[in-house]
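Here's the structure we're looking at; comments come further down.
As the structure is a computational prediction, the values presented were derived from the model and not from experiment.
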Amino acid sequence: MIAIQIASNTEWKALCTILDAQELHTTPYGPYFDTSIRERSCRIYYSGYSKVKAAGAVQYAISNWSPDQIFVCGTCGGVSSKLKPEDIVIATETVFYDCIDRFTENDAPFFPYLDTVLEHRSPLSIEGRRIHYGRVASGDQDIDTDIRNMLEPLDVLVADWESAAVAHVCALNKTPLVVIRGVSDIPGYEGASIEDQAQSYLLCTPKIMRTIFHEILPHFIAQTPTVK
């Protein structure tokens with residue numbers, strides 16, 4: 001079985017409509033439903049946003065369902081200047097940018113104890129889709145231009161709230177993980193204000209979830225081995 005984690009309510013509502021989710025079950029973190037993708041049994045579950053909720057929900061999934069693979073699918077804020085809204089990013093590494101150790105001398109830009117390197121799969125190419133591989137940074141906040149300017153020189157492609165927490169828990173449990181994110185908003189993009197960012201997030205999220213689940217995710221699921 002493959003487990004797919006969704007964090008935000010906006011993403012969840014969009015996905016339930018896209019996949020016409022009918023029978024919902026519950027966990028302590030929220031609802032889930034079962035479906036089939038590429039003839040593989042998939043359980044799609046809601047965690048709620050923030051690192052705490054995301055980490056707890058994925059541990060619950062691993063402990064109770066023993067999935068062959070975890071996927072994190074959803075949106076993110078663009079950091080790299082080479083990105084455009086609705087671009088797709090596959091994480092090769094996750095880092096926390098809001099964990100700061102002020103008591104020791106450390107030149108590392110992030111909190112190295114929690115950094116996670118993810119398996120680098122063969123680059124995916126889909127005509128008409130811009131797909132990027134690279135570093136995803138997580139913190140419990142929406143990014144603004146100040147955070148973007150701080151992260152971009154550190155080779156961060158995008159930022160979100162949850163991926164680094166899920167990646168760390170999966171690494172501790174030795175459970176394979178793939179993080180697939182779509183760029184819903186970019187601070188300062190074409191002069192965008194924070195209000196423009198919020199509107200871009202709302203407009204792009206349904207498109208991104210449709211792209212991920214109809215075009216991107218099936219390719220990765222087809223490559224996922226079944227653990228016997």
**OP:** May I ask you to decide if K207's main-chain N or O and T211's side chain share a donor-acceptor pair within less than 3.5 Å?
**Re:** yes
**OP:** Please list, chain by chain and in numerical order, all residues satisfying side-chain hydrogen bond (donor to acceptor under 3.5 Å, both in side chains) with T94, sequence neighbours excluded.
**Re:** none
**OP:** Would you mind listing every side-chain hydrogen bond (donor to acceptor under 3.5 Å, both in side chains) that reaches into residues 70-85, with sequence neighbours excluded?
**Re:** E11-T75, S81-E152
Original post:
What about L114 and L151, same hydrophobic cluster or not, with Ile/Leu/Val/Met/Phe/Trp/Tyr joined at side-chain heavy-atom distances under 4.5 Å?
Top reply: no
**OP:** Kindly state each residue pair satisfying ring-ring contact (aromatic ring centres under 6.0 Å, His included) with at least one member in residues 75-103, sequence neighbours excluded.
**Re:** none
Original post:
Going from CD on Q197 to CZ on R148, what distance comes out if it is rounded to the nearest 0.5 angstrom?
Top reply: 9.0 Å
**OP:** Determine yes or no for a side-chain-to-main-chain donor-acceptor pair under 3.5 angstrom, with E162 supplying the side chain and S8 the backbone.
**Re:** no
Original post:
What heavy-atom pair brings C204 and P85 nearest, and what distance separates the two atoms?
Top reply: SG-CB, 4.4 Å
Original post:
Hey, mind stepping through I131 and I216 against side chain to side chain contact (heavy atoms under 4.5 Å, CB included) and telling me if it holds?
Top reply: CA-CA 9 Å; I131 302 173; I216 310 298; 3.8 Å; yes
**OP:** Would you please name every residue forming a side-chain contact (heavy atoms from CB on, under 4.5 Å) with I18, sequence neighbours left out?
**Re:** M209, R210, H214
**OP:** Taking all non-hydrogen atoms of both residues into account, name the closest pair between S138 and A164 and its distance.
**Re:** OG-N, 2.9 Å
**OP:** To the nearest 0.5 angstrom, please state how far the OG atom of S47 sits from the CD atom of Q59.
**Re:** 13.5 Å
Original post:
Closest approach of I4 and C73, non-hydrogen atoms and distance?
Top reply: CG2-SG, 3.9 Å
Subject >> Atom pair OG1 (T205) and CG (L15), whose distance is rounded to the nearest 0.5 Å >> reply: 11.5 Å
**OP:** Check each of D146, T145, I194 against P187 using the side-chain contact (heavy atoms from CB on, under 4.5 Å) test, and report the only one that passes.
**Re:** T145
Original post:
Excluding sequence neighbours, so at least two apart, what forms side-chain hydrogen bond (donor to acceptor under 3.5 Å, both in side chains) with E195?
Top reply: S193
Original post:
Side-chain contact, heavy-atom cut-off 4.5 Å: E119 with V178?
Top reply: no
Original post:
Counting only N and O atoms by type, is there a donor-acceptor contact under 3.5 Å from the side chain of R38 to the main-chain atoms of I221?
Top reply: no
Subject >> Of all pairs that satisfy ring-ring contact (aromatic ring centres under 6.0 Å, His included), the ones with a partner from residues 12-36, not counting sequence neighbours >> reply: W12-F33, W12-Y46, H25-Y32, Y32-W65
Original post:
With sequence neighbours excluded, what pairs up with Q141 under the side-chain hydrogen bond (donor to acceptor under 3.5 Å, both in side chains) test?
Top reply: none
Subject >> Derivation of the side chain to side chain contact (heavy atoms under 4.5 Å, CB included) call for V156 and F110 >> reply: CA-CA 11 Å; V156 171; F110 306 110; 3.8 Å; yes
Original post:
With sequence neighbours excluded, what pairs up with P112 under the side-chain contact (heavy atoms from CB on, under 4.5 Å) test?
Top reply: N106, A108, D115
**OP:** Determine, using the 4.5 Å side-chain heavy-atom cutoff (strictly less than), whether I147 and W161 are members of one ILVMFWY cluster.
**Re:** no
**OP:** Is it possible for you to say whether I6 and I208 belong to one hydrophobic cluster, with membership spreading through side-chain heavy-atom contacts below 4.5 Å?
**Re:** yes
Original post:
Which atom names give the shortest non-hydrogen contact between C76 and D160, and what distance separates them?
Top reply: CB-CB, 4.2 Å
Original post:
Taking atom NZ of K13 as the centre, does the number of heavy atoms from other residues, nucleotides or ligands within less than 6.0 Å exceed 12?
Top reply: no
Original post:
CZ/F71 to SG/C42 distance, rounded to the nearest 0.5 angstrom?
Top reply: 8.0 Å
Subject >> Qualifying residue for side-chain contact (heavy atoms from CB on, under 4.5 Å) with C170, from N173, L172, V166 >> reply: V166
**OP:** Tell me who clusters with V183, hydrophobic residues only, linked when side chains sit under 4.5 Å apart either directly or through other members.
**Re:** L83, V89, V136, L157, V158, I186, Y189
Subject >> Same apolar cluster: I212 and Y201, side chain cutoff 4.5 Å >> reply: no
**OP:** Evaluate the criterion side chain to side chain contact (heavy atoms under 4.5 Å, CB included) for residue pair E215 and I88; output intermediate values, then yes/no.
**Re:** CA-CA 11 Å; E215 301 181 33; I88 300 296; over 6 Å; no
Original post:
Mind checking what makes side-chain hydrogen bond (donor to acceptor under 3.5 Å, both in side chains) contact with R43, not counting sequence neighbours?
Top reply: D34
**OP:** Just jot down the side-chain contact (heavy atoms from CB on, under 4.5 Å) partners of P109, sequence neighbours excluded, or say none.
**Re:** L154
Original post:
Could you state the interatomic distance from CG (D98) to CG (D140), rounded to the nearest 0.5 Å?
Top reply: 6.0 Å
**OP:** Spell out, yes or no, whether F220 and L19 are grouped together once hydrophobic residues are joined by side-chain heavy atoms under 4.5 Å, including indirect joins.
**Re:** yes
Subject >> Nearest heavy-atom neighbours spanning G191 and D196 >> reply: O-OD2, 4.3 Å
**OP:** Identify, with sequence neighbours excluded, every residue that meets side-chain contact (heavy atoms from CB on, under 4.5 Å) alongside T92.
**Re:** H120, Y133
**OP:** Hey, could you give me the OH/OG1 distance between Y45 and T27, rounded to the nearest 0.5 Å?
**Re:** 9.0 Å
